[in-house]
Each structure stands twice: as structure tokens, then as C-alpha cells.
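As C-alpha cells, the structure follows; a few thoughts come after it.
Per chain, numbering begins at 1; letters A, B, ... match sequence-line order.
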There are 2 protein chains.
Amino acid sequence: MVADESSARSPQKNTGRSKPARRVRLSQKAIVAAAAELFARNGFGATSLDEIAERLGATKGALYYHIKNKEDILRHIYLTVLTASEEPLAEIAASSASPAEKLGRAIIHHATVAANRSPAMTVFYREHPHLTGPFAREIVVRKKVYERYFEQIIEEGQAAGVFTREIDAKIATFGLLGMCNWLSQWYQPGGPYTHQQIAAMFVRMVEQGMLTPPAITE
Amino acid sequence: MVADESSARSPQKNTGRSKPARRVRLSQKAIVAAAAELFARNGFGATSLDEIAERLGATKGALYYHIKNKEDILRHIYLTVLTASEEPLAEIAASSASPAEKLGRAIIHHATVAANRSPAMTVFYREHPHLTGPFAREIVVRKKVYERYFEQIIEEGQAAGVFTREIDAKIATFGLLGMCNWLSQWYQPGGPYTHQQIAAMFVRMVEQGMLTPPAITE
DNA sequence: TACAGTTTTGAACAACTGGTAGAAAGATAC
DNA sequence: GTATCTTTCTACCAGTTGTTCAAAACTGTA
């Protein structure tokens, strides 16, 4: 058998980048925030309560004073994302701006959430199968409602003749949501562009496209 | 309740959607395919070798004749995705088509891979932290090379004046890769559009944008 | 038939999992 | 000081995890 570097039967000590356990006062919020980072990096199933506790400089037992169980942490992460997302979008949709203006603002809003809540966002789109019971169903519904806002803005624009009918509203929605959600995979605050600048480019791209207008020949 | 022959009195409770263990001849390929589906649904860390074996109608021990260890399965999934992705894109990039034509074909190619290899694709963008050693680094490199093709096509178009310079080539790449990758989150073969149709709409959206040209007033 | 090679089994293992109980410690107010 | 309430720790449980391995079952073929 070949000695292989990668599977050196590790007693599984440090999984890479875990922080040196700063001792912060424990709270539900702190637990949820720390867990979000770990879930985002390693996945819900591969993150133990011991790891979460260690990162907070506490022990597993202490966590249970603040949370009900592991899934409870996950639920709080989902609620965090939803509360940050839903209301602003509803306001944009209900405003009296033009469809193009609305769509632009909606994209900027969504991209901002994706960029700011990065770990929670990653978890949001990854760990849904680990939610159980009525809460799981509720999330599905609220996610659909959220998407529906985008669809409606686009349909509104199509009805007004400012958006092309060649692109289905649902498909367009999935497309631009994917564009924004993907941010949480690569965006890092230190980079060459702010998330506002990136969002603006996305808007420009989705609305006017990348092709320059053909030169007018007369 | 339907009498299920294959799992008569299994002490193992059925975890929801697992298939009734069709007894297929075990092979590396079969293991990797089954694992990809399970990893995609529940995550690498939350999927046990028992589950993979059960779905194949075999026992955990038998897997080890075909694979080195759990991470080895993950490695094969990554290779599957890369071999399906890299070469066709390289050919498109090297072709003599126009930048707009190339970009269109590249998007269609990528969307097709995302739609067809759905479970493997989902795993590909999710489970990278569970790869270790040189292989993990190799994947990062090859992923970057892959993205670089898109960037180059866009830069080429910008240099030729057919793509706008208002959108950074890197950002545009991330945007449209996100759009395509998101497919694996929602696309289902039975839906109202084929993946070709969806890809075509994406191309239309990215190239010309959603806004209809303003009416010419004289 | 017998034999060799391939494949699968089933049990064993050490480490780790989410979760619990109660003692211990820390606060706070009197 | 005492009393009370809040928070954290230690130790433990029962179940599951990835992995190993000798024995068994299967395969083809001479």
C-alpha cells in the first residue's frame, strides 16, 4: 500500500482554519453567527457542536442553555437571512418606480444581502434538507414568495413593453438570482470592487446586455 | 402501504428518499454515481458509507474493494465534472468564431453540463473543503483555468469593440457562471423548457439584455 | 472436478456524534 | 455574610462514523 498524504488517518484535530477560541460572552446570536461560518465552510452535517463551542471558547454543554438543539441553530440562520431579505424587496416591489428601476434596485438589494450575510447565505441555499417539520415547508414557501417578487417585476415590465418577451420571467428570475447568489462563493470584501459596484455591473449586464450597439450606418 | 421486497425487515429506518437498493454489480463508477446523488442531497459530511452501500444493495465493507476511502469517492466526482467540462470549452475558446458566438457557445456548453451532471455539479461547488492535500489544490487551479477561458473570450470581445467595457470581464464571468451553476439548484428535466432553451435565453439575456430598444422618435 | 483469482461478507475497532444531568461557578441583590 | 438566579463545566450515555481484515462466496477455466 502506498503511503498517501491525503488520507493520513488523522485523529481529526484542527480542520484547518478554525479560530483560536476567543472567549466571547455566549449568547444565541453569537452561537448562530459562529455556527453559520462553520456550516458554510464544512457543511451542517460535518460540523460538530464541539467545534462550534470550541470556536466560542466554551464547551458543548454550555450551548444547550441558549439553544434547543443543533437544528435549532440552523433554523435561526434561516430566519436571519429571511428577515434581512424579505421586507426591503417587498418595499421595492410596492414602490411606484418604473419596472426597470425596480428590477435594478431589487438586484442591488439581493446582491447586497448575498455579499453581507455571506456565510448565512451559503448555508441558506445549501442545508435545506437538514431542516425538518413545518419549518422546512415554511422556508420553501417564503423562498418562492421571494422569487415571485422578481418574476412580477419582470412581468410588469414585459406588459409595459420595456422588457423583452423573448425571455421567460421565471427563467430570467432564476438567472439573475443565480448570478447574485453566486457572489457568496467568490466575493471577498477586500477585492477590487465593492459589492455596490458589482451589483451595478450586474444591473447593467441584465438590462442592456454586453453587446455594444451596432454602429449606425446610413 | 406497498410491500417492499428488497428491504423486508431492515433494521435501518429509511431516511426519506433513498432508493430500495437495486442490486447492481458493484463498481467504482456505480459507487461514485450513487454517492454523487447522496452527497448532492445531504452533503458529504452527512452521508455515511452505510447509506451509499445500502443504496447499491451492498455492504459497507464491499465498497472498500473498489475505492480507497470516502474522500476517494469525492475525488472521482470532481474528476467526472472536470473531464466533462474542460475539453469542450477549450475547443470553443480556440475556435475561429466571433467573440459573441464563442461566448454564446460557452454559455450553452456550461449550462448543459450543469443541467446534465446535476448531482455531481452540486457536489463540485459545495464540497471542496472536504478535499485535502495536493488534489484540493489541483482542483482550485483547474477551476481557475476554466473561468479564465470565459474571461478571455470577453476580453477578446472588448478589444474588438463588440462587448462593452463598462462591465469588468472577471465580474461578467462570475455573473454568468453563477447564472448557469444555479441551474443545478432548480432545473428538472421534466419542466416546461429544455436546458437548451434555457441556455438560449441566458445567452440572449447576457448579450442583448432584457430592455427592449427604445422606440425611435423623430 | 479442482484451483486460482476476484468480489463480498460480517464482525470488530477506536474515535466521535448529539444530547443529558447535575455539580460548580458567577452574578446580583439584600 | 446569605439567598437566588443565571450561566458554564465535567462526565457520561447510547448510537454512529470510517476503516480494517480474515473468512467466505462467487467466478471462470483447465
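- As a whole-Å value, the separation of A:Ile73 CD1 from C:dT17 P is 14 Å.
- Between D:dC9, C:dG19, D:dT20, one nucleotide has an atom nearer to the side chain of A:Ala62 than all others, and that is D:dC9.
- Atoms CG (A:Asn42) and P (C:dT17) sit 12 Å apart, rounded to a whole Å.
- Following rounding to the nearest Å, B:Ile31 (CD1) and D:dT19 (C1') show an atom-to-atom distance of 15 Å.
- Proximity of B:Tyr65 to the phosphate of C:dT7: a side-chain N or O atom is located under 4.0 Å from OP1 or OP2.
- Look at A:Glu138 and A:Arg142 and you find a salt bridge, because one of the NZ, NE, NH1 or NH2 atoms lies within 4.0 Å of a carboxylate O, short of that distance.
- Side chain to side chain, A:Tyr78 and A:His128 fail the donor-acceptor criterion of an N or O pair below 3.5 Å.
- Residue B:Thr47 is in sugar-phosphate contact alone, with no base atom involved, counting any heavy-atom pair closer than 4.0 Å across all strands shown.
- At D:dT8, one or more side-chain N or O atoms of A:His66 fall inside 4.0 Å of OP1 or OP2 (strictly under the cut-off).
- The CG-P distance, from B:Leu63 to D:dG18, rounds to 10 Å in whole Å.
- Looking at B:Lys60, its side chain has no donor and acceptor atom pair within 3.5 Å of the base of C:dG10.
- Residue-to-nucleotide proximity on DNA chain C shows that, of A:Lys68 and A:Asp50, the 5′-proximal contact is made by A:Asp50.
- A:His76 and A:Gln28 are linked by a side-chain donor-acceptor pair at a separation below 3.5 angstrom, with hydrogens and angles left out of the test.
- A straight line from CG of A:Leu38 to P of C:dT17 spans 12 Å, rounded to a whole angstrom.
- If you take CD1 of B:Ile67 and P of D:dT19, they are 7 Å apart, rounded to a whole angstrom.
- Distance OH (B:Tyr64) to P (D:dA22): 17 Å, rounded to an integer number of Å.
- Using a 4.0 Å cut-off, no side-chain N or O of B:Ser48 falls inside it from OP1 or OP2 of D:dT16.
- Residues A:Trp182 and B:Tyr125 bring their aromatic ring centres within 6.0 Å.
- Taking every side-chain heavy atom of B:Lys70 into account, D:dT19 is the closest of D:dT19, C:dT17, C:dT8.
- The distance from atom CG of A:Leu26 to atom P of D:dT8 is 5 Å, rounded to the nearest whole Å.
- Checked by atom type, the side-chain pair B:Asn42/A:His130 shows no donor-acceptor distance below 3.5 Å.
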